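What follows is a short report on a single structure.
Everything numeric in this text was worked out from a predicted model, so none of it was measured.
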Amino acid sequence: MTTQDSNQPPQNINFGSTWIWIFIVFLIAFNFFSNSIQERKSYDEFLKLIDQGKVTEVVFNDDQIIATVKGNTKSLVTYKVNDTALIPLLKNKGIRFQANPKSTFWSNALLWLFPLFFIIMLFRNAVKLPGNRLLSFNKSRAKVYVEKDIKTTFTDVAGVDEAKEELIEVVNFLKDPKKYSRLGGHVPKGVLLVGPPGTGKTLMAKAVAGEANVPFFSINGSEFVELFVGMGAARVRDLFDQARSQSPCIVFIDELDALGKTRSMANFTGGHDEKEQTLNQLLAEMDGFDSSSGVILLAATNRPEVLDPALLRAGRFDRQILLDKPDQRGRLQILKIHIKNITLKEDVKLEDIASMTPGFSGADLANMINEAALIATRRNAESVESNDFVKAIERIVAGLERKQRLMNPEEKKRVAYHEMGHASVALGLQTQDKVQKVSIIPRGIGALGYTLQRPLEDRYIMTREELNNKIATLLSGRVSEQIFCGDLTTAAGDDLVKASNIARAMITQYGMGEALGLVSEESPSYRFLQMPDYPTNNYKNWSDKTEEKIDLEIKGILDSCRTISKKVIEENTEFIKICVEELLKKETLDVEEIEDFWKKHGKTYNKNMPANIPIKQEVIQEVTKEKKEEMLQ
């Protein structure tokens with residue numbers, strides 16, 4: 001995409017840099033020439049040369065004595081001293097001498113003004129240089145995209161239909177402002193695009209500019225703050241001045257959280273006042289411009305919870321649009337856009353790929369398609385097959401295969417039992433996540449094997465039974481190792497962390513515990529776009545006694561899920577052993593092979609996990625007793 005600046009510099013822009021080099025070369029040459037024709041001597045050596053009759057002429061300057069010496073092409077230079085006997089000595093020796101007049105005011109002024117004038121001329125021409133930042137640090141670096149340069153439209157954006165509908169109103173206003181002001185209404189001054197990384201916020205802003213055929217100012221929030229104090233505010237003023245001069249237009253600020261963090265938060269964390277000045281100037285500019293002038297401010301962030309409340313109030317960012325990760329239908333639409341330049345095999349079904357990629361953003365899907373194309377290219381294929389997409393998904397989710405990492409037979413056997421423990425419990429409990437593949441090939445940084453599961457459909461809420469089944473599946477790797485190998489290893493470390501986090505969230509956030517009941521003890525200050533299973537702070541708003549109760553309930557949930565996991569594995573011992581033998585031979589089992597072995601040897605766990613997790617009776621009695629004492633107090 002090409003860019004065009006509204007104030008184009010002249011074509012002869014090399015004047016400044018050329019004269020800089022000429023001036024440097026001149027100084028070097030002058031210094032070299034001066035040193036080549038003069039030779040400095042001490043005053044004592046100067047007198048010795050006079051006594052020897054080698055000096056033929058002497059010139060007195062302001063503070064120097066320059067002497068001409070016989071047989072020497074260089075002049076002798078020495079500094080003056082208060083020697084009254086020098087003149088009589090020169091007369092006795094018959095040496096000619098003279099004195100140059102002292103420097104006048106104008107000669108000194110000329111000596112200083114000429115370099116100063118030369119430097120000023122250099123700076124004047126340096127300002128005209130493109131990309132120069134020496135004297136234009138207060139200018140905005142926003143890129144202005146001319147109408148013909150923006151070819152992105154709403155047809156290039158998929159999976160965010162609701163956001164499109166919200167922004168179509170902005171496009172219609174830019175095309176016909178009088179229509180919306182006819183009844184006294186006006187479009188929002190600012191539109192804030194909120195969403196996780198990779199969901200198409202910047203692409204959506206460009207699509208709005210492309211649909212409206214207006215100039216598009218784009219700048220990152222971090223580019224406002226520089227070394228010099230006050231330059232951020234100056235750049236904000238310059239940006240809005242440029243926008244008003246080219247209205248109707250769109251001003252897009254990406255990563256707004258870099259500029260608009262809460263001011264009290266900046267002080268608390270030791271932030272500099274420069275950021276506050278820049279934010280204050282942005283607030284003032286948003287209040288100062290009229291939306292009827294045709295200037296629309298778009299901004300994007302993935303951390304709306306840290307923005308200053310003054311930015312989000314009515315009259316500034318009036319409208320906030322969420323661009324969330326796409327659902328299965330949205331992923332299918334995105335795949336159809338990115339797949340246009342890819343040569344696909346006829347039997348590839350994009351619906352299956354969309355169902356295999358839950359939680360993928362638009363950027364993730366584009367990356368996945370590119371990886372699949374590269375995988376097909378490596379094997380010299382004429383088209384991209386379904387298996388290439390599966391391998392691309394595995395590489396993104398689990399990491400790159402590390403086939404060169406050699407494991408001894410005992411370790412490989414343990415990893416096989418560990419992974420088949422996950423697979424057997426997921427199949428036995430009929431979890432929502434279908435087992436897609438089991439592998440004992442090391443991947444990524446620390447994974448020695450993996451069990452790939454994919455959900456049957458997009459899910460937004462989970463029942464307590466589903467959470468329990470998820471915990472049981474996570475613990476099943478450790479249980480399988482203990483049953484078949486007789487000892488514990490470090491392979492289940494990550495599984496235990498995830499299981500403990502889910503159990504803690506069930507007690508402290510979702511009110512699924514017996515001892516605390518509906519009391520939510522978890523701080524709700526986790527990030528807006530982050531899953532609540534992974535809180536971002538260690539702050540706790542409960543007492544040590546309550547912490548003890550929570551720990552007991554968490555242990556009860558984990559023990560209960562472990563018991564269920566053990567029962568499922570014991571009932572499917574034959575299935576696990578057969579699959580482990582195949583894994584040790586092939587290192588990978590795909591979904592067809594797993595389903596075939598399960599139909600022949602697998603047993604579904606018919607008894608569902610109890611809704612109420614069994615907790616020791618004495619724990620519940622102790623909790624009830626303490627609650628009564630607190631009520632009496």
Does any N or O in the side chain of [X] come within less than 3.5 Å of the main-chain N or O of [Y], such that one atom is a donor and the other an acceptor?
X: Asn572; Y: Lys603; answer: yes
X: Ser424; Y: Ile576; answer: no
X: Thr604; Y: Gly428; answer: no
X: Glu582; Y: Cys579; answer: no
X: Arg331; Y: Pro326; answer: yes
X: Ser476; Y: Gly421; answer: yes
X: Thr431; Y: Leu427; answer: no
X: Asn468; Y: Arg464; answer: yes
X: Lys164; Y: Val157; answer: yes
X: Gln436; Y: Gln453; answer: no

Inspect the contact between [Y] and [X] and indicate whether a charged nitrogen and a carboxylate oxygen are less than 4.0 angstrom apart.
X: Asp156; Y: Lys340; value: no
X: Lys412; Y: Glu587; value: yes
X: Asp551; Y: Arg504; value: yes
X: Arg379; Y: Glu385; value: yes
X: Glu595; Y: Lys434; value: yes

Which atoms form the tightest heavy-atom contact between [X] and [Y], and what is the distance?
X: Ala158; Y: Ile334; value: O-CG1, 3.4 Å
X: Gly195; Y: Asn302; value: O-CB, 3.1 Å
X: Leu279; Y: Gly260; value: CD1-CA, 3.8 Å
X: Ile594; Y: Val438; value: CD1-CG2, 3.6 Å
X: Cys485; Y: Arg414; value: CB-NH1, 3.5 Å
X: Ala207; Y: Phe154; value: CB-CD2, 3.8 Å

To the nearest 0.5 Å, what is the distance between OG1 on Thr463 and OH on Tyr510?
12.5 Å

When rounded to the nearest 0.5 angstrom, what is the spacing between CD1 in Ile569 and CZ in Phe575?
11.5 Å

State whether a side-chain donor-acceptor pair under 3.5 Å links Thr489 with Glu481.
yes

Hydrogens and angles aside, do Asp352 and Ser355 bring a side-chain donor and acceptor to less than 3.5 Å of each other?
no

So, do [X] and [Y] sit near enough that their side-chain heavy atoms are less than 4.5 Å apart?
X: Ile321; Y: Leu323; result: yes
X: Arg319; Y: Leu192; result: no
X: Ile564; Y: Leu429; result: yes
X: Asp364; Y: Thr357; result: no

Check the surroundings of atom CD in Glu548: do more than 12 heavy atoms from other residues, nucleotides or ligands lie under 6.0 Å from it?
no

More than 12 non-hydrogen atoms from neighbouring residues, nucleotides or ligands closer than 6.0 Å to CG on Asp347, yes or no?
yes

Applying salt bridge (Lys or Arg N to Asp or Glu O under 4.0 Å) between Glu593 and each of Lys437, Lys586, Lys585, report the one that passes.
Lys586

Derivation and outcome, salt bridge (charged side-chain N to carboxylate O under 4.0 Å, His left out), residues Lys261 and Asp257:
CA-CA 5 Å; Lys261 285 186 179 179; Asp257 51 275; 5.9 Å; no

Can Asn370 and His338 be said to form a side chain to side chain donor-acceptor pair (under 3.5 Å), step by step?
CA-CA 9 Å; Asn370 183 63; His338 292 295; over 6 Å; no

Worked check of side chain to side chain donor-acceptor pair (under 3.5 Å) between Asp254 and Thr202
CA-CA 7 Å; Asp254 202 3; Thr202 304; 3.2 Å; yes

Carefully, step by step, assess Thr473 and His422 under the rule side chain to side chain donor-acceptor pair (under 3.5 Å).
CA-CA 5 Å; Thr473 304; His422 289 312; over 6 Å; no

